[in-house]
Amino acid sequence: MTGTISIEVNGEARQVPEGASVHDLLHLIGLAAPKVAVERNLEIVPRSAWAATRLGAGDRLEIVHFIGGG
Amino acid sequence: MDGIAPLADTDEGWTVAGRRFRSRLVVGTGRYKSLEETAASIEASGAEMVTVAVRRVNLSDASQPMLQDFVPPDRYTYLPNTAGCFTAQDAVRTLRLAREAGGWNLVKLEVLGPPPFLYPDMRATFEAAEALIKDGFEVMVYCADDPVAAKRLEEMGCVAIMPLGAPIGSGLGVANPFMIRAIIAQSKVPVLVDAGIGTASDAALAMELGCDAVLLNSAIAHARDPVRMARAMKAAVEAGRDAFLAGRMPRSPAADPSSPTTGLIA
C-alpha cells in the first residue's frame, strides 16, 4: 500500500500520495487546465517538467496566477 | 505651399521594447468591485496594455473566475508587476513566476519602501533591475522622480522609465512636473508617469509634459463611475498628447487682447 507524504503548498500543510508529481498535485487541487506557475523549494518548475517532477517530503511549493493589480 | 498643411490626425503611438501600442494609456486591473467592472472599465479606457499582479492561487476554491476570463491576454498585453514586494529578492522571484505563468519577458518592476508613502526603494530597485536584465527580462521600472536615478536605470538597460507623479493610490496628481520634464528631456527610452494620477486633468498634464504614456489604476477603479472615468482618461491622454505636439502658447504676466484694437466705433 502506498503511503502519503507531507508537503507545504502556498503556506498550507498538505498530504499527497507518495510518488505524486507536480502535475498530480495540480490535478488534486482542481487546477485542470491552469494558467499558473509553480515554484518548488524556490526553483521554478517549468510546465514541461510538471509530469516528471516527483514531490518529496517537506517540499515547499508556491502555485501562483495573475490577478487584478496596479 | 498653398492651403493648410494636412494635420497628422492619427497618433502613430509609442514603442516599448519593440512592441508598438496605439493607446498611450496603460491601466491597472486592481481595486475594482468585480471582474465584470474591471472588464468594462478597461474596454472603455481603450488601453492595450494592462498591469497585473502575481498572487497565490486560492487552493480551497481553484475553480473561481480568473482575471484572464475577463481580460483576455490575447487581446491585452499583460504587464506583470511586483506590487507588494519590499525587497529585490522578492521582486525577482515574483517576476520569474510571472514569466513562467505568462510566457513573456516584459514586466513592471517596483520595489517599495514602507508605508505610509510606499515610495520607490531605489537601492533595491537597482539591485532587482540588474538581476532581471541579466536574466533576460525587459524591465519597465517604477522609480523616484529623480533624473540621476532615471538615467542610471536607462543605462542599465531598462526599457521604460516610470517615475511616480505622487504616491501610489494617493490621487495627488503630478507633484513635481519640473522633474518629470527633466527626466523626459534626458531619456532615450519611453517615460511614463506611473502612480498619483487622480483625475483626467492630471493625466492630460502628464501628457502635456511630454510623457510617452500614463499608467494609472485607482483613478479609474475608485471613481464613483469607473467606466465613465475610464472614458475621461482616454480622452485626457489623447488631448494631452495633442496639446504637447501642438505646443502651448507662451505665458504672459499681462493681458494681450485677442480682438483687433483698431476699427473701434468710439
Side-chain angles (χ1 to χ4, degrees), chain A, chain B residues 26-32 34-35 37-39 42 50-71 73 78-84 89 93-103 108 110 142 168-169 194-195 215-222:
Chain A
M1 195 180 119
T2 333
T4 60
I5 55 169
S6 298
I7 61 169
E8 194 184 290
V9 184
N10 289 0
E12 293 171 23
R14 208 173 177 100
Q15 301 286 319
V16 294
E18 232 173 61
S21 68
V22 169
H23 179 268
D24 297 332
L25 172 68
L26 293 174
H27 194 73
L28 285 169
I29 292 166
L31 293 163
K35 289 257 168 60
V36 301
V38 179
E39 185 194 77
R40 173 174 173 252
N41 302 330
L42 301 177
E43 297 276 344
I44 301 271
V45 184
R47 205 169 297 250
S48 56
W50 284 355
T53 304
R54 299 224 172 279
L55 298 168
D59 275 358
R60 296 162 71 100
L61 287 106
E62 293 288 346
I63 306 172
V64 302
H65 65 155
F66 293 125
I67 66 154
Chain B
V26 180
V27 296
T29 54
R31 314 187 82 171
Y32 286 96
S34 65
L35 286 168
E37 189 186 76
T38 311
I42 290 169
V50 300
T51 62
V52 296
V54 179
R55 290 293 181 274
R56 284 172 165 172
V57 169
N58 181 350
L59 298 178
S60 53
D61 183 12
S63 64
Q64 65 188 350
M66 281 185 164
L67 181 69
Q68 281 105 317
D69 303 329
F70 290 81
V71 183
Y78 271 28
L79 185 67
N81 71 21
T82 58
Q89 289 78 3
R93 188 179 168 202
T94 297
L95 290 178
R96 284 188 176 136
L97 281 162
R99 176 166 64 183
E100 176 61 23
K108 171 181 166 178
E110 54 185 303
Y142 176 64
I168 293 169
D194 178 2
L215 202 167
L216 56 89
N217 184 348
S218 306
I220 294 177
H222 280 186

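Note on naming: letters A, B, ... go to the chains in the order of the sequence lines (proteins, then strands), and numbering restarts at 1 for each one. This one's a predicted model, so the numbers in the text were calculated from it and none came from an experiment. Values reported hereafter were calculated over all heavy atoms of this structure, with side chains retained and with hydrogens, waters and symmetry mates removed.
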### Interchain contact, B/A221 with chain A, by part (heavy-atom threshold 4.5 Å)
neither
### Task
Measure A/V38 against the heavy atoms of chain B and call it side chain, backbone, both or neither at under 4.5 Å.
backbone
### Query
Do the charged groups of B/R93 and A/E39 touch, with an N to O distance under 4.0 Å?
yes
### Task
Examine whether an atom of B/R96 lies under 4.5 Å from a heavy atom of chain A, and if so say whether it belongs to the side chain, the backbone or both; otherwise answer neither.
both
### Task
Against chain A, label B/Y78 side chain, backbone, both or neither, depending on which of its atoms sit under 4.5 Å from a heavy atom there.
side chain
### Task
Flag the one option from B/G28, B/G169, B/A101 with the top tally of heavy-atom pairs under 4.5 Å to chain A.
B/A101
### Summary
Scored by heavy-atom pairs under 4.5 Å with chain A, the best of B/L216, B/L215, B/T51, B/V27 is B/T51
### Query
So which of B/G84, B/P73, B/A98, B/A195 has the largest heavy-atom pair count under 4.5 angstrom toward chain A?
B/A98
#### Entry: Per-residue contacts, residues 63-70 of chain A versus chain B, heavy atoms under 4.5 Å
A/I63, A/V64, A/H65, A/F66, A/I67, A/G68, A/G69, A/G70
#### Entry: A/V45 and B/E100, any side-chain heavy atoms less than 4.5 Å apart
no
### Message
Let me confirm one number: the CG-CG distance from B/L59 to A/L28, rounded to the nearest 0.5 Å.
### Response
11.5 Å
### Summary
Separation between CZ (B/R55) and CD (A/E62), nearest 0.5 Å, reads 12.0 Å
